[in-house]
2 protein chains.
Amino acid sequence: MEPIDVFKALSNETRLNILRWLKEPEKHFPKQGAHLPKEVSYKGGVCVGDIQEKAKVSQSTVSSYLNMMQKAGLLESVRHGQWTYYRRNDLFIEQLAEYLKTDI
Amino acid sequence: MEPIDVFKALSNETRLNILRWLKEPEKHFPKQGAHLPKEVSYKGGVCVGDIQEKAKVSQSTVSSYLNMMQKAGLLESVRHGQWTYYRRNDLFIEQLAEYLKTDI
DNA sequence: TTGACATATCGGAAAATCTCGATATATAAT
DNA sequence: ATTATATATCGAGATTTTCCGATATGTCAA
């Protein structure tokens, strides 16, 4: 874990909101998953376009935000066809809270 | 708590180190406390000058870093005479870890 | 294979942050 | 009062971050 990169990724309201939204994807992205084939169902993953619409920033901005959060460890992604689905890395976030308590 | 301000304060190696050093002040600031009168002994507080020497940044930089971390909630300070002593706000850091688990 | 759509990457202008030296303020000692 | 010391504040140049539009890449459908 690179704590500086993680804290930088968390230092932005939009990115923080994305993390929060992805905690309850069904609630915040009701129409998501339309394109996701059942057999590869990606639990809780939301595609970039849906996140962009909700976040109200440009397509390039949301793409780089998501990439940044993934590199930091906060998110995971899979691609299915032309869609990329992002979801939280809950284990990592747990570890981050633990890291705060012990290493900071 | 303003999470953005807290994460910004944590997004810098020197500031992160200051927090870590203040976890074991006796260890990292062996000669600290020289000016602190016994009757107002400030458990674990370290003066700005000692922190600056260890952090190897300018006096103004360390002063604004400490101020920023205090505003964010990570540190507390008391002034005794011409010295300002800073120490960790451990309760706040605990709450931050909790906040991460529940709100992020 | 062409066209349409989703996402990623690039290049850059504006804003924010970093970090310093200079200076101001507060307190203590003479 | 004056001087010395500790810390805070100010102003600014360098660097980084923000966020966009334009463009490239990848994938699917016709």
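None of the values given here were measured: they were computed from a predicted structure. First the proteins, then the strands, lettered A, B, ... as listed; each starts at 1.
Proximity of B/Arg15 to the phosphate of C/dC18: a side-chain N or O atom is located under 4.0 Å from OP1 or OP2. Checking the phosphate oxygens (OP1, OP2) of C/dA6, no side-chain nitrogen or oxygen of A/Tyr86 falls inside 4.0 Å. Proximity of B/Thr84 to the phosphate of D/dA6: no side-chain N or O atom is located under 4.0 Å from OP1 or OP2. Dashed line: the shortest gap from a side-chain N or O of A/Thr61 to OP1 or OP2 of D/dC19 is not under 4.0 Å.
Every side-chain contact (heavy atoms from CB on, under 4.5 Å) that B/Asp103 has, sequence neighbours left out, goes to B/Tyr99.
One finds no salt bridge joining A/Glu24 and A/Arg88 here, because no Lys/Arg side-chain nitrogen approaches an Asp/Glu carboxylate oxygen to under 4.0 Å. Ion pairing between a basic and an acidic side chain is recognised when a charged N comes within 4.0 Å of a carboxylate O; A/Lys8 and A/Glu2 show no such pairing.
B/Glu13 has its CD atom 19 Å from the P atom of C/dT17, to the nearest Å. Whole-Å rounding puts the A/Ile18 CD1 to D/dT18 P distance at 12 Å. Distance, B/Asp50 CG to D/dT7 P: 8 Å, rounded to whole Å. Atom NE2 in B/His80 sits about 15 Å away from atom C1' in C/dA26, given to the nearest Å. If you measure from atom CH2 of A/Trp83 to atom P of D/dT27, you get 12 Å, rounded to the nearest angstrom. Rounded to whole angstrom, the span from the CD1 atom of A/Ile51 across to the P atom of C/dA6 amounts to 14 Å. For A/Gln82 and C/dA6, the CD to P distance is 6 Å, given to the nearest whole Å. Computed from coordinates, the B/Arg79 CZ to C/dA26 P distance equals 9 Å when rounded to whole Å.
Using a 4.0 Å cut-off on heavy atoms, the residues of residues 62-71 of chain A that approach DNA chain C are A/Ser63, listed by number. In the region residues 3-12 of chain B, proximity to DNA chain D at under 4.0 angstrom, judged on heavy atoms, holds for none of the residues.
At most 12 non-hydrogen atoms from other residues, nucleotides or ligands lie less than 6.0 angstrom from NZ of A/Lys71.
Hydrophobic clustering keeps A/Ile93 apart from A/Tyr65 (ILVMFWY residues linked when any side-chain heavy atoms are closer than 4.5 Å, directly or through intermediates).
B/Ser11 and A/Ser11 share a donor-acceptor pair across their side chains, judged by distance under 3.5 Å alone.
Side-chain atoms of B/Thr61 do not come within 3.5 Å of backbone N or O of B/Val57 as any donor-acceptor pair. B/Arg15 places a side-chain N or O within 3.5 Å of a backbone atom of B/Ala9 that can act as its donor or acceptor partner.
In the interface, the side chain of B/Gln59 is not paired with the base of D/dA6 through any donor and acceptor atom under 3.5 Å apart. Residue A/Ser58 places no side-chain atom within donor-acceptor reach of the base of D/dG21, judged by atom type and a 3.5 Å distance cut-off alone.
Residues A/Ile51 and A/Lys54 fail the side-chain proximity criterion, which asks for heavy atoms closer than 4.5 Å.
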